Amino acid sequence: MPEVYTAFENEDFFSSGYELQAMNSRGIYSPSSGSQETASVSSVLSSLHDNELNDISVIGNPYITILEQPTEKFRFRYKSEMVGTHGSLVGSNRKNVPTVRLHNFLDPAVIRCSLVTSDEGFPRIPHAHKLIRRDAGQDYDDPHYITVSSETEYTAIFHGMSIIHTAKRHIRDELIKKMRLEALEKKKNTNIKATLNSREEAQIKVDAEHYQKHMNLNSVALCFQAFVTNDCGVMIPITEPIYSHTINNLKSALTGELKICRMDKLTSSVEGGEEIFILVEKVGKKNIRIKLFELNENGCEIWSAYGRFSELDVHHQYAIVFRTPPYKDQDITLPKNVFIQLERPSDGESSDARKFTYKPSDKIIGRKRQRISYSGSSELSYISPNTNSIGNENISELLSNSNSHELSKEIKKLLSEGTTAPVCKDFLNDIDFDNYFKLLLNSEENMLGTDGPSIVQHQDDVMFAKNILTEIMQCMKMDAKNMEEYIQKLLKDRSTYGDSPLHSALRYGQHNIVKYLLMLLCTNKDCKTLINSQNSSGKTPLHYAVLQNQPEITKALLMLGADPNRTDDHGFSPLHVAVKISDASACVDVLLAEKGIDIEAYNDAGWTALHLATKAGSYDAICSLVHAGANVNNTDMSYGRTALHIAVEGGHKKIVEYLLKKTNISVNKRNFSGNTALHTAVVHTGTRAKELCALLIQHGADPHIQNHNRESNDVNKKKESHVNVKVEVHSEDENIEGTIGQSSFDLAMNKPDILQVFNGQFEKTTNKMYSVTTKLELKNEDLQTNWLNNEHKEKLSILLNKTQGWQKLAKHLNIEYLLQTFQHNSISPSLGLLNYIDVEAILSLMDMQTLLREIGEEEAADYINEISSICS
DNA sequence: ATCGAGTTCCC
DNA sequence: CGGGAACTCGA
């Protein structure tokens, strides 16, 4: 087609469509003229008597601007859904409908709207979907034509359109239909009588075939083009086509709206790694990310990170279980508000952002923190500001300068001078004060916490305990009337997170302040209550003492009546907390020494201390727990695992070894999924899989125990029957439970090194257990007990691979259902088969030799003959 | 055969 | 309308 009309693609005109509309509102009328030639002439002429403002816009070729884009999201409907009304394609502003205007043209023309592919940068082709237009209860297929003229200000308004999702099976036909029409129209522009020749028809079919597979069915665009009809009734385009932006299918996981529906919790520790369950609208598991980000005051993103999860953590397109990433700043002392949103890599779409909060770590002091140098003075300067009510310079000085012995004497004196209420006399009598104070004073640290605040703005928080203590001292010195009451009030004061002074001092590692607070507390009538007070996350001072790995303080707290079994909001007792910290074994021991501690207690997730310790790999804690009498065969309530499962899962070889060697843990215990520790070891992805398997096998793990994992193929069907036969034979083998599932052995099928471990063990010990399982009688004792070693197996497998004899062998052994397994999974199919025969003790070497001869594998048979003669 | 994802239909 | 679920299809 000759390029008579060139595009007018000035960006300015595109973006200034609205201004143009205003300027042209008067409209231009010119008497109709027949041909295109005169059309452009008349447009030039008319520009002469148009006002100056319009000059720029009227000179040039006709073009179309889009006054109103269609919405970006629209639900594509199937034909069958088109009963009744479902709303039509509206404009991007949600009110109007798609609208375009023809410029630089003075005759009536028609504007066509059709549906095309949306891939920008690629040639637009007709889309397989339909764009229907409903008018007065009638539906019309695309394309749609609207006549424009000066009366309508050359504006075409496309009402009542909707997009019909062509069914997959009709895509090709629909494409062919549209592509034929397009090709025909093109040809007719030059020759009215033109038809498509068979070569063109064929080409269209080929193209349609191709597009059918690759067309994006969830995105379309509208195509607008203006035409005039010539004398022969042929549509002659007078503008280049212009395309709307993309319209995406609202119902698809690929382009649908991303939405966070619900979240399990909205907070995480700065350390990250916390598991969160999030319910979402339909997503594709391969095409979704969870982004956490922070904005500054100006709304600029200043931090972002992605939640950690795998495809397997996306449940049925509607839920995701992910772990939070660590926050950039581990040292925050106040909650940090950030945002969380879903992000779709394929098109960069994202959901609305939800608020999310990072909480400061409980172990703030556990880490090395950068110390900010305070100008000129000691930390003393931090004490004074908050003292408008009480002039306490003396006390401050006392606190900071006096050696601790002096001060403790001071306190002790105060305490013994009868300031204590009679109620606690009994309690005080019970306490071994000498020991207690020795414990507390057995420290050479300075009075003030060794750690200053890392960030100045949080000094109030950090100084909370110190300020309270200062006030108390002040109060004592002044011997005020309501002193006791006042002190009581001070001790009960709370700071951020509901911290009592004791919590706060512990949280910030101000160990000396802790000690002084404890001295004060021990004489207080509400001592027990105060000691056991819980902050807003339910933690007691004991939790923090343990988190800070302070065995002495832990002990002191216990002496003062701290309840070792009080749990935090997640059901964690101090023991639960302690065993998770690998170097806090001293605290574990202190706790375990406490009578009344419940070592089998479960946290809210259904884990005992032993499970938590195992998960964390805290070897010492495990030993302590076992010594303290923890039941090693106790299972967690969420997965039914013993510590052995958990240890294997975590690859903690040393712990596995300990459990197996030093405890009476049951090696073959199955978890809720029916898996034994050996199953877990076999599928272990780390480098230790083999060692772990060996260890378990050594301690009697049975690789034939099956889990509850029912596979879903023919292979398994057959295997079931196979297994059932086996079970019958070994009916004395207690409780294989007749279940249908995978054994450790099954799981190891494609792991030759692990099979070796299994084999090695059977060569030595298991012939008794798995003897005489086949119809074939075993004749040669030697060959029965000594099967092929690995080297022999490899050599033999080379022979059998060469001739494909392994397939025949498998068939004759009635295990052809495993052919595929061997074929696909083994490095060498024959080796897989041989290992299988070996482990399952299907037949003796002698029989093997016979069988090989029967099936014509002379070379292999000879080889066996050769090695067996060497052996004997 | 079975499962998850995608498609189609129904209310 | 939007939500939901039944159906279908490909791995």
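In the text below, chain A, chain B and the rest are named by the order of the sequence lines, each starting its count at 1. Keep in mind it's a predicted model, so treat the numbers as computed, not measured.
Listed nucleotides: B:dG6, B:dT8, B:dC9. Nearest to the side chain of A:Lys282: B:dG6. When each of B:dG6, B:dT8, B:dC10 is scored by its nearest atom to the side-chain atoms of A:Gln317, the top-ranked nucleotide is B:dG6.
A:His165 has its NE2 atom 17 Å from the C1' atom of B:dC10, to the nearest Å. Rounded to whole Å, the distance from NZ on A:Lys259 to P on C:dG2 is 12 Å. Protein atom CZ of A:Phe76 is 14 Å distant from nucleotide atom C1' of B:dT7, rounded to whole Å. Distance, A:Asn218 CG to B:dT8 P: 11 Å, rounded to whole Å. Rounded to a whole Å, the NZ atom of A:Lys168 is 8 Å from the P atom of B:dT8. Rounded to whole Å, the distance from CG on A:Leu217 to P on B:dT7 is 7 Å. Between the P atom of B:dT8 and the CZ atom of A:Arg77 lies a distance of 14 Å, rounded to the nearest Å. As rounded to whole Å, 18 Å separates atom C1' of C:dC1 from atom NZ of A:Lys73.
Defined by atom type and a distance below 3.5 Å, a donor-acceptor pair is present between the side-chain atoms of A:Ser830 and A:Asn801. Of the N and O atoms on the side chains of A:Gln203 and A:Glu200, not one donor lies less than 3.5 Å from an acceptor on the other residue.
A:Phe158 and A:Phe224 have tilted rings, their planes meeting at an angle from 30° to 60° on a 0 to 90° scale.
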Report the C-alpha distance between A:Thr676 and A:Asn668 in whole Å, list the side-chain angles of each, state the deciding distance to 0.1 Å, and finish with yes or no for side chain to side chain donor-acceptor pair (under 3.5 Å). CA-CA 6 Å; A:Thr676 64; A:Asn668 284 322; 5.2 Å; no

